[in-house]
Number of protein chains: 2
Amino acid sequence: MNAKHRILLVEDHTLLRIGLRALLCQIQDFEVVGEAANGREAIGAIKELSPEIVLMDLTMPEMNGMEAITQIKERYPQVGILVLTLHRSEEYIHESLKAGANGYILKDATHEELCIAIRSVLSGKTYLSPDISNKVVRVFLAGGKSASLAFAWESVTSRERQVLKMVAEGCANKIIAAYLSLSIKTVEKHRSNLMRKLDLHNASMLTAFAIGKGLLSGDSSSASDPSAGLVQRQDGVI
Amino acid sequence: MNAKHRILLVEDHTLLRIGLRALLCQIQDFEVVGEAANGREAIGAIKELSPEIVLMDLTMPEMNGMEAITQIKERYPQVGILVLTLHRSEEYIHESLKAGANGYILKDATHEELCIAIRSVLSGKTYLSPDISNKVVRVFLAGGKSASLAFAWESVTSRERQVLKMVAEGCANKIIAAYLSLSIKTVEKHRSNLMRKLDLHNASMLTAFAIGKGLLSGDSSSASDPSAGLVQRQDGVI
DNA sequence: ATGGAAATGCGGGTTAATACGTAGACTAGT
DNA sequence: ACTAGTCTACGTATTAACCCGCATTTCCAT
């Protein structure tokens, strides 16, 4: 009866990780048995430490949260996964829940909410932050309409993603064609297909979409670095 | 000699804030005298609590860190300000230091580094994370070349920013002209001036820049989700 | 007051992007 | 062998974007 609940923290921001540990250790029946700074470490840590629940960030180097969740749920389906992130977008929520997350809570939650969320997941329930559950409910009421965007995205082929990435980086069709050894006409076709599939109607929208998708500049910190996405490929020298 | 150093936490992510409090309270001579979730609250808290040092995030609602630092240093120049953020971009570093920050540390720093940074600022020194000081030195060696982007941005007029925002939202010139009651030619001119000033050469680059600058309120998913404006309250546990 | 910057607007011209239709080559699955 | 999907590519046409110079008005600061 004295056994503490074993918690694993997966979070790349060291200070937040240590802070969370300090916070959770104050709770009588919680025990932080380990920490990991990315998805790969997390999987190793689960094998070794067999925690009951994992608190997981989504945007991390090496292996991101979504992939990690998928792999963890494949190998250790009994482990509860509570996503702890700052991302409010339906994109992340949808992907996380689809990957098998048992809860989704925001980093601006309170201490109390975190505890409630952890206990919910420990007892087998699914916990969503109020903001998050609003979105989920709204999509549910809308008949999963916005899931159509996720569906549309899955219909985008890898070649098209490649083109999308370069478009978002500011490359002109001519540059993309040269870089990928294609005809401009082909690039235009890919671009046109992208816009049709995603229901976007110009280069700006494609760029905003790609950035939101995280196609540019791996980590979230440099996602808000104005100079990060603007690579020097516009020079045209390949 | 038993007086503890008075610390104020300014950070919008509640969990990190509480975690930091728990962390810093473990140090003998540190005392967290207050917390604030944005710049406006921070200024009020300083007036009331007169801390020696402020740990401040940069990206916050209501009033962001940069503005807050400027105002705090105007009114309470004796208060040390240590920026604690996840942003590694020269943009933020430059702006923060220019506004008067006494230190700049990243959220993936360790517990020990945080303590060292706080003590450095308390003793009147300037502390920069190793990664950060590297960048500062590099820019210094390059003769401040990359500060040119920050300078360029300041030369962008408010009307141009307005146009930039709409361009990044995917609006065509015609739409922008109608919305702002302008001639298409004028919009084209603003757009052209923006591209010249910022050294960007098409709509995609403008969009990426604007998103990096945080000119767009919503994320990409809500940008392509027409129903994203609706909100409703709902209980957390489902 | 007078110069400078900002905002607005036009003309003329070039280039790039977008829309739409068509179609061959290739791959993978049935 | 047949089918479906993707990647590739072209043609044609329209629209939007981009570049350059110039002019006007307003407003602010020296």
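Bear in mind that the values here come from a model prediction, so they are computed numbers and not experimental data. Naming convention: chains lettered A, B, ... in sequence-line order (proteins, then strands); numbering from 1 in each chain.
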Q: Which residue, B:Arg191, B:Lys189, B:Arg196, forms the side-chain hydrogen bond (donor to acceptor under 3.5 Å, both in side chains) with B:Asn193?
A: B:Arg196
Q: For A:Ser192, check side-chain contact (heavy atoms from CB on, under 4.5 Å) against everything at least two apart and list the hits.
A: none
Q: To the nearest Å, give me how far apart NZ (B:Lys197) and C1' (D:dC19) are.
A: 17 Å
Q: Please list every donor-acceptor pair under 3.5 Å in which a side-chain atom of residues 42-57 of chain B meets a protein atom from a residue at least two apart or in another chain.
A:
residue: B:Glu52; atom: OE1; partner: B:His5; partner atom: ND1; Å: 3.1
residue: B:Glu52; atom: OE2; partner: B:Arg6; partner atom: N; Å: 3.0
residue: B:Asp57; atom: OD2; partner: B:Lys107; partner atom: NZ; Å: 3.4

Q: For A:Met66, give me all partners under side-chain contact (heavy atoms from CB on, under 4.5 Å), at least two apart in sequence or on another chain.
A: A:Leu58, A:Asn64, A:Tyr92, A:Glu95, A:Ser96
Q: Minimum heavy-atom separation for A:Leu106 and A:Ser129, please, with both atom names.
A: N-OG, 3.2 Å
Q: Over how many whole Å does the gap from B:Asn202 atom CG to D:dA16 atom P extend?
A: 18 Å
Q: Is there a residue in residues 170-179 of chain B whose heavy atoms reach under 4.0 Å of DNA chain D, and which residues are they?
A: B:Ala172, B:Asn173, B:Lys174
Q: Identify, with sequence neighbours excluded, every residue that meets side-chain contact (heavy atoms from CB on, under 4.5 Å) alongside B:Met166.
A: B:Glu169, B:Cys171, B:Ile176, B:Tyr179, B:Leu180
Q: Is it true that a side-chain atom of B:Thr14 and a backbone atom of A:Asp108 form a donor plus acceptor pair closer than 3.5 Å?
A: yes
Q: Check every nucleotide of DNA chain C for an atom under 4.0 Å from a heavy-atom of chain A, then give the first and the last such nucleotide from 5' to 3'.
A: C:dA16 to C:dT22
Q: Going by salt bridge (charged side-chain N to carboxylate O under 4.0 Å, His left out), name the residues that satisfy it together with B:Lys98, two or more places apart in sequence or in a different chain.
A: B:Glu154
Q: Side-chain N or O of A:His190 versus OP1/OP2 of D:dT8: is the shortest distance under 4.0 Å?
A: yes
Q: Does B:Glu160 have any salt bridge (charged side-chain N to carboxylate O under 4.0 Å, His left out) partners at least two apart in sequence or in another chain, and if so, which?
A: B:Lys197
Q: Output the rounded distance in Å from CD (A:Gln162) to C1' (D:dC7).
A: 12 Å
Q: Determine, for nucleotides 21-30 of chain D in 5'-to-3' order, which nucleotides have protein heavy atoms under 4.0 Å from the base (write B), from only the sugar-phosphate (write S), or from neither (write -).
A: BB--------
Q: Could you tell me which residues satisfy salt bridge (charged side-chain N to carboxylate O under 4.0 Å, His left out) with B:Asp131, sequence neighbours excluded, listed by chain and number?
A: B:Arg88
Q: Start at the 5' end of DNA chain C and walk down; is the nucleotide closest to A:Arg191 or to B:Leu182 reached first?
A: B:Leu182
Q: Checking B:Arg161 side chain against B:Val156 main chain: does a donor-acceptor pair fall under 3.5 Å?
A: yes
Q: I want to verify a distance call: between D:dT8, D:dC18, D:dA9, whose nearest atom is closest to the B:Glu188 side chain?
A: D:dC18
Q: What is the separation between atom CD on A:Glu160 and atom P on D:dT6, rounded to the nearest whole Å?
A: 7 Å
Q: In whole Å, I'd like the distance from the CZ atom of A:Arg196 to the P atom of D:dG5.
A: 12 Å
Q: For B:Ala117 and B:Ile105, which heavy atoms make the closest approach, and how far apart are they?
A: CB-CD1, 3.9 Å
Q: Please lay out, stage by stage, how A:Thr207 and B:Thr207 fare under the test side-chain hydrogen bond (donor to acceptor under 3.5 Å, both in side chains).
A: CA-CA 7 Å; A:Thr207 302; B:Thr207 302; 5.0 Å; no
Q: What does the inter-axis angle of the helix from C:dG3-D:dC28 to C:dT30-D:dA1 come out as, five pairs per end, nearest 10 degrees?
A: 50°
Q: Whole-Å distance between D:dG11 C1' and A:Ile184 CD1?
A: 14 Å
Q: May I ask you to say what B:Ser192 touches in the nucleic acid, namely base, sugar-phosphate or nothing, with a heavy-atom cut-off under 4.0 Å?
A: nothing
Q: Salt bridge (charged side-chain N to carboxylate O under 4.0 Å, His left out) with B:Glu67: which residues, sequence neighbours excluded?
A: none
Q: What is the distance, rounded to the nearest whole Å, between atom NZ of B:Lys185 and atom P of D:dC18?
A: 13 Å
